[in-house]
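Working notes, structure below.
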Amino acid sequence: MLRRLARLFSALTLLVFLAAAWLMIQRPPPDVLKVPLVGPVSRIVVEKSARRMTVYVGDQVVRVYRVRLGFAPEAPKTRQGDGRTPEGEFRIDRRNAASAYHLSLGIDYPRPQDRAQAAALGVSPGGDIFFHGQPNQLPEGVTLAYDWTAGCIALANAEIAELFAATPIGAAVEILP
């Protein structure tokens with residue numbers, strides 16, 4: 001009986017430790033949220049598996065956002081309609097204040113290597129990959145809490161407004177698995 005209780009206690013301790021570690025990974029450091037986001041943003045890093053986006057001004061982390069991805073995000077984008085978010089190094093190449101979603105910042109996907117890979121498969125690589133807010137049809141303040149885009153990276157409307165205001169054309173973007 002004591003041995004069984006010891007195992008149960010060990011298992012519960014491990015679960016509590018794992019839950020605490022998960023919460024620490026999911027939450028941005030408190031000091032990141034205290035300062036206003038003032039650009040220009042120099043780099044954006046998206047970690048698909050963590051659904052996390054880190055924003056840099058110079059070498060300083062200035063924001064960490066929770067993001068939503070394409071509806072099938074587990075692998076790199078290979079073709080139009082696959083629901084995947086691309087992986088690799090990109091640049092912000094366009095801004096759209098009149099988007100079908102609340103604001104948008106486009107990345108330079110597909111790159112030449114993406115076009116070549118898709119051509120070898122006999123498919124279209126797709127395109128129009130953006131950081132954007134929620135669909136304009138949603139009521140103000142509603143944020144979809146699941147991976148729902150066609151391959152874009154979605155944020156809450158207040159977050160994309162903040163990012164849009166501080167991010168210039170040419171900012172570096174890295175999307176990791």
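Note on Ile160: it does not cluster hydrophobically with Val142, by side-chain heavy-atom contacts below 4.5 Å among ILVMFWY residues. No continuous path of hydrophobic side-chain contacts links Tyr101 to Ile92 [ILVMFWY only; heavy atoms under 4.5 Å]. Cluster annotation: Phe71 and Val46 are assigned to distinct hydrophobic clusters (Ile/Leu/Val/Met/Phe/Trp/Tyr, side-chain heavy-atom contacts under 4.5 Å, transitive).
Closest non-hydrogen pair, Ala154 versus Gly133, comes out as CB-O, 4.5 Å. Here the closest non-hydrogen pair linking Arg84 and Ala72 is CG-O, 2.9 Å. Considering every non-hydrogen atom in both Asp93 and Ile169, the closest pair reads C-CD1, 3.6 Å. In terms of heavy-atom proximity, Thr78 sits nearest to Ala118 at O-CB, 4.0 Å. When all heavy atoms of Ala166 and Val38 are compared, the closest pair comes out as CB-C, 4.5 Å. When all heavy atoms are compared, the tightest approach of Tyr56 to Gly58 is CB-O, 3.6 Å.
Between Tyr65 and the choices Glu162, Arg52, Arg51, the side-chain hydrogen bond (donor to acceptor under 3.5 Å, both in side chains) rule is met once, by Glu162. Screening Thr149, Asn96, Leu105 against His132 for a side-chain contact (heavy atoms from CB on, under 4.5 Å) leaves a single residue, Thr149.
Between Leu163 and Met53, the closest side-chain pair of non-hydrogen atoms falls below 4.5 Å. Residues Leu144 and Pro135 meet the side-chain proximity criterion, which asks for heavy atoms closer than 4.5 Å. By the 4.5 Å heavy-atom criterion applied to side chains, Val64 and Val55 are not counted as neighbours. Within the 4.5 Å cutoff, side-chain heavy atoms of Lys77 are placed close to those of Asp82. Val41 is not listed as a side-chain neighbour of Arg63, based on a closest heavy-atom distance of 4.5 Å or more. In this structure, the side chains of Ile153 and Leu69 come closer than 4.5 Å at one or more pairs of heavy atoms. Side-chain contact between Glu89 and Val173: absent, with no pair of heavy atoms (C-beta onward) separated by less than 4.5 Å.
Annotation: cation-pi pair Arg68/Tyr146 absent, no NZ/CZ under 6.0 Å from the ring centroid and within 45° of its normal. Remark: Arg94 qualifies as a cation-pi partner of Phe130 under the 6.0 Å distance and 45° angle criteria applied to the six-membered ring.
Residues Asp114 and Arg111 are paired through a salt bridge, judged by an N-O separation under 4.0 Å between the basic side chain and the carboxylate.
Checking side-chain atoms of Asn136 against main-chain N and O of Ser99 turns up a donor-acceptor pair under 3.5 Å. A donor-acceptor contact shorter than 3.5 Å is absent between the side chain of Lys48 and the backbone of Glu87. Counting only distance, with no hydrogens or angles, the side chain of Gln134 and the backbone of Leu155 share a donor-acceptor pair below 3.5 Å.
Atoms CZ and NE2, from Phe164 and His102 in turn, are 9.0 Å apart once rounded to the nearest 0.5 Å. The line from OG of Ser49 to CG of Leu176 is 8.5 Å long, rounded to the nearest 0.5 Å.
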(request) Assess whether side-chain contact (heavy atoms from CB on, under 4.5 Å) is satisfied between Phe131 and Leu103, documenting all intermediate values. (result) CA-CA 8 Å; Phe131 292 98; Leu103 304 171; over 6 Å; no

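Note on ring orientation: taking the six-membered ring where Trp is involved, the planes of Phe90 and Tyr109 are perpendicular (angle over 60°, cut-offs 30° and 60°).
Gln113 CD: more than 12 foreign heavy atoms inside a 6.0 Å radius.
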